[in-house]
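Step one of this worksheet: look at the structure below.
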Amino acid sequence: MNVHDPAEEIVALRAEVVQLRLLANNVPVAIAYFEARGYTCRFANLGYASMFGRDEQSVIGLTFAQIIGDEAARQIQPKVDTILREHRSASYERQLPAADGGTRWIEVSLLPHLDATGTAVGAFVLIADITHHRRAELALRESEERLAKFMHASAEGIVFHRGGIVTDANPPALALLGRTLPEVLGQPALDFVAPDQRERVGAVMAAGSEITYETAVQHRDCTRLPVEFIVRTMEHHGERLRMTIVRDLRDRMADQARIHHLAHHDALTGLPNRGAFIDRLEGLLPYARARGATLALLFIDLDHFKRVNDSLGHLAGDALLQTVAHRITSALRVGDLVARFGGDEFVVLLSGDQPAAAVREVAHKLLAVIGAPVEVEGASISVTPSIGISMFPQDGQTPDALIKHADTAMYHAKSRGRADCRFFEPVMAEAAYADLAMESRLAQAIRDREFVLHYQPQLSLHDGALVGCEALIRWAHPERGLILPDAFIPLAESRRLMLPIGDWVLREAVAQARRWHLAGLASVPIAVNLSTTQFQSVGFVDAVQRLLGEQGVEGRLLEIELTERMLMDELASVRDSLERLRALGVRIAVDDFGTGYTSLGHLKSLPVDRLKIDRSFIRDLPGDTGSAAIAGAVIQMAHGLGMRTLAEGVETAAQRDWVAARGCDELQGNLEAEPMPAAAFEDWLRARQSRQN
Ligand code: C2E
Ligand code: MG
Ligand code: MG
């Protein structure tokens, strides 16, 4: 400063002081100067003064103890003494109560002021507020501690890596890998990923993406474990760290597999269900089409399965279904597909290009293995299947069409006496359609009473006397004329329409017997054919008893005809029903005898009055030796058991003479009379009576 006027000099100095103060007050540090002697403050900037609740003027001349407080001064005094004595600077950190009630952290630097002689005459104090810095540090430390705690508390595996090199891993992650911490630290993270996944995981790592994805790790023993990776990037000490949460998916996969299995499989047999089967078939059809291969679809339905359920209970039914499922699977080749469609329906898809003959062979094998007796709850039962077969491509192009046509063919097998297999034929589809139309018409026919009974006489072969007549139902269709029972009874039977029809027949026959008896025309039993469902229906015997009572008709004027099949189930309850009917005076005949499998020994224990030898054996008499042998044996054995025999469908004198010569008791057939409406039957009776008189 080169100014000589003292006044100017003062002005200039003042300006300088103002500038310095401006500077001092605007630096982000608190500054003060203390004299060594007396430790009094000679200078303080605004930052310093306000830090201790003062202003720049009022702090001047105060001792540092007065400014910072005695307690703080006592602690700091030694530091001050040291710097003054040793002529070197020192710094320390301490906490101050902050205006907001919290704590501020300050970093204090003390610098000695040496005069020209090297004597320490004062000390500069520089204070920086490091609260912010300290808080950040603390937060980092806390978060690291938290992370460490979290890592160890987590049940899920956590791995940290930096630039692909593992820096940390928690116990669950190590357990999953079958490794110890030292074995993984410093190793490439990808080494622990399943080999087939390394490329993918490497790509995620390279991209630094924060994603969640399913992949697999490799255990020390080289097993591949499905896991989920949840990847995050973290800043740590200024470095980018990657944290991967490794979630063990084995349980979840197992659950999913179970759910998948449950959704696609039948819980009882473990076989694929309908949906799963259709999915598989849908997938196979394009290949078969491309290769020009044929496929065979077998629709298997158990005959009379409901009876097992009804009579032995659902547990027995379930056990039977499981056995059947097992038998089907065992009888087929590995590549064949077996499914259960529900209830007693199973479907098989034969793999490979099999000609029809081979398919038929498989079907017959299935018929045999499924039909073999099963031990269920101590009882030996056998349930035969009926099988329908459709072939790809000729019988259908879609799973739906193939299944529907196999189902149709199965129905035909059933209507053909069951325990059989049938290939689908296009006419069946028409028949199925006709059935459908017929079904709804049949329900209407029941409401509108469109049925009539025809009566066919039964005569003694010993003396030609009328011994009875059989009531045979006809459907007097308004447009189609008289429809014979074979054309609608199987349908009614399968669609549960047989009960109301059977009731009507019984009622009508009993009413007719009453009229003829009262008119003195005939006092012989009218035979009524029973359907399976009817005979098995609850309270059937009671209903018969009630009916006879209501009409005032003696039981001896009624006969019921049962087929062999009906007698084969549950002997005890069948015998009970028959005995109760017998007690009412009702007669019992076994119809179509010889076509079933009933042994005569089995019949012996049942109250049966007569056997009706099926007309298929009579038809070929006397020429056919097989028929002759059977018919002859039946007549002979029936007599041995005290039962009468009746020859059905006798059309010729030769047939009549043949059975008569073998000791057959009675006959029924067109030779004597065809089935006739009631009025015609009455005429026939009268004509006969007048002939005899
Ligand atoms: P089914 O009980 O064996 O009845 C005898 C069948 O043989 C009758 O056929 C009868 O018309 C026929 N027939 C009698 N004599 C001769 C003959 O000399 N030659 C030939 N070729 N056939 C003869 P239909 O009336 O067609 O009845 C067929 C079957 O329908 C019956 O066989 C029976 O199983 C069933 N059915 C008839 N009416 C009823 C009924 O009311 N309820 C039930 N559930 N089934 C019935
Ligand atoms: Mg009959
Ligand atoms: Mg018959």
Side-chain angles (χ1 to χ4, degrees), residues 415-417 442 445-446 449-459 467-476 481-513 525-537 540 544 558-567 587-596 608-621 627 645-656 658-659 666-678 680-681 684:
S415 66
R416 288 280 202 96
L442 203 52
I446 294 168
R449 301 273 151 103
E450 290 177 358
F451 301 106
V452 289
L453 288 184
H454 283 195
Y455 300 89
Q456 187 174 34
Q458 299 168 333
L459 303 164
V467 291
C469 66
E470 180 174 9
L472 295 161
I473 193 171
R474 274 92 182 90
W475 177 3
L482 268 199
I483 301 178
L484 290 177
D486 285 339
F488 64 89
I489 292 233
L491 180 73
E493 184 86 79
S494 69
R495 303 300 199 275
R496 311 197 173 279
L497 293 170
M498 205 50 225
L499 275 186
I501 296 176
D503 274 355
W504 177 84
V505 171
L506 201 59
R507 192 166 286 278
E508 181 63 23
V510 168
Q512 191 59 265
I526 296 183
V528 169
N529 294 281
L530 288 191
S531 72
T532 313
T533 33
Q534 203 178 358
F535 182 56
Q536 284 172 348
S537 65
F540 170 73
V544 171
L558 179 66
E559 178 170 85
I560 59 159
E561 292 192 3
L562 302 164
T563 60
E564 288 178 72
R565 262 242 57 113
M566 295 158 131
L567 299 175
R587 308 236 224 132
I588 292 146
V590 179
D591 203 356
D592 306 338
F593 192 79
T595 54
V608 172
D609 294 286
R610 59 175 170 175
L611 297 185
K612 300 182 73 178
I613 305 167
D614 192 66
R615 68 169 186 272
S616 60
F617 301 110
I618 308 299
R619 188 184 56 217
D620 300 328
L621 292 177
S627 296
T645 49
L646 177 146
E648 286 190 304
V650 174
E651 289 179 342
T652 65
Q655 290 165 347
R656 178 195 59 200
W658 193 94
V659 292
E666 294 147 4
L667 99 172
Q668 176 184 343
N670 294 351
L671 176 66
E672 296 297 336
E674 291 184 22
M676 302 165 271
F681 186 77
W684 181 86

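Counting convention: from 1, in listed order, for ligands and their atoms alike.
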* Structure fact -> At under 4.0 Å between heavy atoms, what of Gln456 touches ligand 1? The answer is side chain
* Return the orientation label for the Phe451 and Trp475 ring planes: parallel under 30°, perpendicular over 60°, tilted otherwise. => tilted
* Any chance you could lay out the side-chain contact (heavy atoms from CB on, under 4.5 Å) test for Arg656 and Leu671, step after step, and finish with the verdict? => CA-CA 9 Å; Arg656 178 195 59 200; Leu671 176 66; 3.9 Å; yes
* Asked: Which one of Gln668, Glu470, Glu559, Glu672 satisfies the side-chain hydrogen bond (donor to acceptor under 3.5 Å, both in side chains) criterion with Gln458?
  -> Gln668
* **Residue part near ligand 1, for Asp592, under 4.0 Å between non-hydrogen atoms** => side chain
* Asked: Taking 4.0 angstrom as the limit, do Glu651 and Arg615 come out as a salt bridge?
  -> no
* To do: Going by heavy-atom distance to atom 4 (O) of ligand 1, choose the closest among Asp614, Leu453, Leu472.
  => Leu472
* For Ile613 and Phe593, run side-chain contact (heavy atoms from CB on, under 4.5 Å): C-alpha distance rounded to whole Å, both residues' side-chain angles, the deciding distance at 0.1 Å, then the answer. => CA-CA 5 Å; Ile613 305 167; Phe593 192 79; 5.5 Å; no
* Asked: Quick one: CE on Met566 to CG on Leu530, what's the gap to the nearest 0.5 Å?
  -> 5.5 Å
* Structure fact -> Under 4.0 Å between heavy atoms, the region of Asp591 that gets near ligand 1 turns out to be side chain
* Using a strict 4.0 Å cut-off to heavy atoms of Ser531, name the atoms of ligand 1 that fall inside it. => 44 (N)
* Counting only N and O atoms by type, is there a donor-acceptor contact under 3.5 Å from the side chain of Asp620 to the main-chain atoms of Ser627? -> no
* What atoms of ligand 1 come within less than 4.0 Å of a heavy atom belonging to Val505? -> 41 (O)
* Under 3.5 Å, side chain of Ser537 to main-chain N/O of Phe540, donor-acceptor pair present? -> no
* Asked: Looking at ligand 1, does any of its N/O atoms fall within less than 3.5 Å of an N/O of Leu671?
  -> no
* Structure fact -> Gly649 heavy atoms within 4.0 Å reach ligand 1 at atoms 15 (N), 16 (C), 17 (C), 18 (O)
* Asked: Considering only heavy atoms, does Glu648 approach ligand 1 within less than 4.0 Å through its side chain, its backbone, both, or neither?
  -> side chain
* Asked: Do Glu493 and Thr533 get their side chains close enough for a donor-acceptor pair, meaning under 3.5 Å?
  -> yes
* Structure fact -> Taking only non-hydrogen atoms of Glu651 and a 4.0 Å limit, the atoms of ligand 1 in range are 17 (C), 18 (O), 19 (N), 20 (C), 21 (N)
* To do: Using a 4.0 Å heavy-atom cut-off, say whether Val528 meets ligand 1 through its side chain, its backbone, both or neither.
  => neither
* Gln668 to ligand 1: N or O pair under 3.5 Å? -> no
* **Element-labelled atoms of ligand 1 that are located less than 4.0 Å from some non-hydrogen atom of Met498** => 44 (N)
* Value rounded to 0.5 Å, distance of CD in Glu564 from CG in Asp591 -> 9.5 Å
* Asked: Using a heavy-atom cut-off of under 4.0 Å, does the side chain or the backbone of Glu674 touch ligand 1, or both, or neither?
  -> neither
* Provide the number and element of each atom of ligand 1 under 4.0 Å from a heavy atom of Glu561. => 2 (O)
* Taking distance alone, with no angle check, do Gln534 and ligand 1 share an N/O pair under 3.5 Å? -> no
* To do: Take every heavy atom of Glu493, measure it against each atom of ligand 1, and state whether any distance is under 4.0 Å.
  => no
* Asked: Can you tell me if His454 has a non-hydrogen atom under 4.0 Å from ligand 1?
  -> no
* Asked: Arg474: what forms a side-chain hydrogen bond (donor to acceptor under 3.5 Å, both in side chains) with it, not counting sequence neighbours?
  -> His454
* To do: Start with the C-alpha distance between Ile446 and Ile501, add both sets of side-chain angles, then the distance that settles side-chain contact (heavy atoms from CB on, under 4.5 Å), and finish with yes or no.
  => CA-CA 7 Å; Ile446 294 168; Ile501 296 176; 3.7 Å; yes
* Asked: Would you say Glu470 touches ligand 1, if touching means a heavy atom closer than 4.0 Å?
  -> yes
* Structure fact -> In this structure, the Mg ion (ligand 2) sits at the vertex of an angle between OD2 of Asp591 and OD1 of Asn529 that rounds to 10° as 80°
* To do: Return yes when Pro675 approaches ligand 1 closer than 4.0 angstrom through a heavy atom, no otherwise.
  => yes
* **The single option from Asn529, Ile560, Leu499 passing side-chain contact (heavy atoms from CB on, under 4.5 Å) against Gln534** => Leu499
* To the nearest 10°, how many degrees is the angle Glu470 OE2 to the Mg ion (ligand 2) to Glu561 OE1? -> 90°
